[in-house]
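Chain letters run A, B, ... following the sequence lines, proteins first and then strands; every chain starts at 1. Predicted, not measured: the structure shown is a model, and the values here were computed from it.
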Amino acid sequence: MSVEIGQLLPREAYLSAPDQVAPMLLGKLLVRRLRGQMLLGRIVETEAYFGINDPAAHAFSGRTARTEVLYGPPGHAYVYTIYGMHACLNVSCEPEGLAGCVLIRALEPVEGLAEMAMHRGLHEPTLLTSGPGRLCQALGITRAGFNGVDLTSADSEVQIRGDGWAPAEIAITPRIGVNKAAERMLRFTVAGHACVSKGRYWKPPL
DNA sequence: AAGCGGATCGTCT
DNA sequence: GACGATCCGCTTG
């Protein structure tokens, strides 16, 4: 048995509204078990998406086959394909019946960097997992393999754990790449961290 | 340093 | 039939 890192986040951690869960997840560890090895990254950037109140959210237009996991119990992976080629990882939150999720946008790669570099086809550490599509590629997370997976189970190949580390300062900005509800301050980052995604759509103030 | 467009396809109108 | 919660490479200044 491999030595486990930190403590698995319980389902109750995801019961709150997404704008509460998103900052809470900063500093937590995203753990991917793959072919007997462990790929590990610290979450440094998240975004909150609500349900029917949030025009930018997939759940906005109601319950469909695609958004089913968003309406299910909290703590499960919602993985979708964007622009036909990239996977993005979300964690469902709020009680069953209410849609809401947190998009994991960037990690600081901690362990398994060589394997991540293989998946990504490059080795610059700040480019391995700094973006929602990038981190899924680095960790080998696909929609087919992981949509609906329980992230709170010790048996899952993707888990979220806490080791007690928390950011000294959190910076809050508008969400990246959304055209609707673009003014809402729902993106949370570890202030000043080198692995936060740059994003072509948002510039830091002066 | 910043801006553009292409790749590529599931989902919803 | 259009449009993305993106990424990358190429162009321009």
Side-chain donor/acceptor of A/Arg187 to backbone N/O of A/Pro174, under 3.5 Å | no
So does A/Tyr80 reach the base of C/dA5 with its side chain, donor to acceptor, closer than 3.5 Å?
-> yes
Reading DNA chain B 5' to 3', what string of ( ), [ ], | and . shows its pairs, if Watson-Crick and G-U wobble pairs count only when both distances fall under 3.5 Å?
-> |||||||.||||.
Considering only NZ, NE, NH1 and NH2 on the basic side and carboxylate oxygens on the acidic side, decide whether A/Asp54 and A/Lys180 come within less than 4.0 Å.
-> no
Length of the CG-P vector between A/Leu128 and C/dC7, whole Å | 13 Å
Counting any heavy atom closer than 4.0 Å, what does A/Gly84 reach on the DNA or RNA strands: base, sugar-phosphate only, or nothing?
-> base
Would the A/Tyr80 and A/His58 ring centres measure less than 6.0 Å apart?
-> yes
Would you say B/dT11 has OP1 or OP2 under 4.0 Å from some side-chain N or O of A/Thr64?
-> no
Give a yes/no answer on whether the side chain of A/Arg63 brings an N or O atom under 4.0 Å of OP1 or OP2 in B/dC12.
-> no
Judged by nearest nucleotide, the residue sitting upstream toward the 5' end of DNA chain C, A/Ser130 or A/Thr81, is A/Thr81
Identify the pairs formed between an N or O of the protein and an N or O of nucleotides 10-13 of chain C at a distance under 3.5 Å, and give each distance.
none

A/Ser153 pairs by side chain to side chain contact (heavy atoms under 4.5 Å, CB included) with which of A/Val149, A/Leu151, A/Asp150?
-> A/Asp150
Would you confirm whether A/Thr46, through its side chain, and A/Ala22, through its main-chain N or O, come within 3.5 Å as a donor-acceptor pair?
-> yes
Separation of B/dT11 atom C1' from A/Arg66 atom CZ, nearest Å, is 6 Å
